[in-house]
Number of protein chains: 2
Amino acid sequence: MIREMTKPDFEAFWPVFHTIVKARETYAFDPDMNFEEGWQLWCEMPIKTFVYEESGKILGSYYIKANAMGPGSHICNCGYMVSEASRGKGIASQLCLHSQAIAAELGFRAMQFNAVVSTNDIAVRLWQNMGFQIIGTIPDAYQHGQLGYVDSYIMYKVLVETD
Amino acid sequence: MIREMTKPDFEAFWPVFHTIVKARETYAFDPDMNFEEGWQLWCEMPIKTFVYEESGKILGSYYIKANAMGPGSHICNCGYMVSEASRGKGIASQLCLHSQAIAAELGFRAMQFNAVVSTNDIAVRLWQNMGFQIIGTIPDAYQHGQLGYVDSYIMYKVLVETD
């Protein structure tokens with residue numbers, strides 16, 4: 001059900017991706033990006049990208065990449081998307097659990113989200129329930145499509161204790 | 001004295017750049033990066049890169065880029081380097097002041113540093129003196145060349161008040 005994303009998968013998922021980015025409520029991505037830019041950002045720049053598939057439909061996706069280079073490369077970063085029709089069914093939780101397992105496999109010691117939009121209550125609560133802490137608040141970090149400037153949170157979870 | 005960086009400038013500055021990155025004390029850059037990778041990272045990916053020149057010598061440099069895309073693109077990010085022999089002369093302060101003016105010119109509303117290594121006291125104090133606040137601490141974010149895992153700070157300064 002969760003497996004690596006192919007380009008045909010991203011084609012199938014593009015309407016969801018495009019709608020989420022266009023809404024300017026959750027992602028700091030260019031709302032006018034085209035398909036190829038989306039593919040690059042979501043699937044080519046990360047280390048790996050996965051889909052949540054059910055009955056041949058792509059209901060969600062996430063990527064994993066290093067959050068920094070060299071001496072900062074032991075912390076990973078992930079981004080998750082779930083289609084609007086499939087929300088509230090625990091798919092984001094499953095993707096996040098999967099990503100933590102993959103992160104550990106890839107040798108990462110912690111996971112960091114750099115900009116969780118503060119008004120995205122569902123995401124904030126979900127990540128908190130999964131053990132992520134808000135370690136910082138960036139004032140007016142996000143130009144929300146409906147609400148204007150709102151804060152973003154930096155969230156963090158240790159995956160493997162350092163010595 | 002402060003002007004945009006050319007490739008010959010970066011060639012002249014490379015020994016400083018390489019030494020700083022190799023030391024693994026301040027930058028989350030791959031310590032083994034080569035010249036071309038350094039050029040890309042420092043001069044091609046950013047919007048602009050500047051040098052501090054004195055008597056024909058490049059004593060310092062900084063880059064400026066957007067810290068995020070789309071709805072997060074009003075916050076910029078900068079990185080500064082000063083050659084070891086030229087420290088303690090206020091060059092970093094001058095570069096930072098210059099970068100704040102350039103940031104405002106480019107339309108940015110705030111500046112964010114994503115990973116100021118907590119043991120880099122001189123930098124932390126300097127940015128605080130220049131009006132930056134620590135808005136978050138990332139536990140064990142940096143594998144310091146001498147000290148092992150140390151925290152990093154996220155620092156932030158408003159440049160233009162949002163409405």
Side-chain angles (χ1 to χ4, degrees), chain A residues 20-33 37-38 41 45 66-75 77 109-117 119 133-163, chain B residues 20-33 37-38 41 45 66-75 77 109-117 119 133-163:
Chain A
I20 288 172
V21 171
K22 267 268 180 244
R24 294 192 290 128
E25 293 174 354
T26 55
Y27 271 86
F29 288 170
D30 177 1
D32 299 319
M33 76 169 66
E37 290 162 340
L41 195 66
M45 284 170 53
N67 197 50
M69 298 170 283
S73 62
H74 56 291
I75 302 181
N77 169 253
R109 290 170 165 272
M111 190 179 288
Q112 183 176 330
F113 304 146
N114 298 303
V116 181
V117 179
T119 51
Q133 291 193 334
I134 295 174
I135 59 165
T137 301
I138 314 168
D140 291 335
Y142 193 83
Q143 294 187 61
H144 192 285
Q146 308 294 323
L147 305 170
Y149 288 100
V150 297
D151 297 347
S152 286
Y153 298 135
I154 299 147
M155 299 188 77
Y156 176 91
K157 182 180 180 177
V158 171
L159 302 175
V160 178
E161 289 296 335
T162 55
D163 306 323
Chain B
I20 287 171
V21 171
K22 266 266 180 243
R24 293 191 291 128
E25 292 175 355
T26 54
Y27 270 87
F29 287 171
D30 176 1
D32 299 318
M33 74 169 65
E37 289 163 340
L41 195 66
M45 284 170 54
N67 198 49
M69 297 169 283
S73 63
H74 56 290
I75 303 182
N77 168 254
R109 290 168 166 272
M111 190 178 289
Q112 182 176 330
F113 304 146
N114 299 304
V116 180
V117 180
T119 49
Q133 291 192 336
I134 294 174
I135 59 164
T137 300
I138 313 168
D140 292 335
Y142 193 83
Q143 294 188 58
H144 191 285
Q146 309 293 322
L147 305 170
Y149 287 100
V150 298
D151 296 348
S152 287
Y153 298 135
I154 299 148
M155 300 188 75
Y156 176 91
K157 183 182 179 176
V158 172
L159 303 174
V160 179
E161 288 296 335
T162 55
D163 304 323

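All values below come from the heavy atoms of this structure, side chains included, with hydrogens, waters and symmetry mates left out.
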Under a 4.5 Å heavy-atom cut-off, does chain B meet the side chain of A/Ala115, its backbone, both or neither?
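Contact with chain B is absent: no heavy atom of A/Ala115 under 4.5 Å.
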
Which heavy atom in A/Asp140 sits nearest to a heavy atom in B/His74, and how many Å separate them?
O-NE2, 2.7 Å

Which residue out of [options] racks up the most heavy-atom pairs below 4.5 Å with chain B?
{"options": "A/Val117, A/Val158, A/Ile154", "answer": "A/Ile154"}
{"options": "A/Ala68, A/Gly72, A/Ala28, A/Ser152", "answer": "A/Ala28"}
{"options": "A/Ile135, A/Asp30, A/Thr137", "answer": "A/Ile135"}

If you tally heavy-atom pairs under 4.5 Å against chain A, which of B/Gly136, B/Ser73, B/Gly145, B/Pro71 wins?
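Most pairs with chain A among the choices: B/Pro71.
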
With a 4.5 Å cut-off on heavy-atom pairs, point out which of B/Ala141, B/Gly70, B/Pro31 contacts chain A the most.
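Most heavy-atom pairs within the cutoff with chain A belong to B/Ala141.
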
Which residues pass the side chain to side chain donor-acceptor pair (under 3.5 Å) test with A/Asn114, sequence neighbours left out?
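A/Asn114 satisfies side chain to side chain donor-acceptor pair (under 3.5 Å) with A/Asn67, A/Gln112 once adjacent residues are dropped.
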
If I measure from the heavy atoms of chain A, does [X] come under 4.5 Å with its side chain, its backbone, both, or neither?
{"X": "B/Ile75", "value": "side chain"}
{"X": "B/Ile138", "value": "both"}
{"X": "B/Ala110", "value": "neither"}
{"X": "B/Tyr156", "value": "side chain"}

For B/Phe29, give me all partners under ring-ring contact (aromatic ring centres under 6.0 Å, His included), at least two apart in sequence or on another chain.
B/Tyr27

If you draw a 6.0 Å radius around CD in A/Gln133, do more than 12 non-hydrogen atoms from other residues or ligands fall strictly inside?
no

Rounded to the nearest 0.5 Å, what separation is found between the CZ atom of A/Arg109 and the CD atom of B/Gln143?
7.0 Å

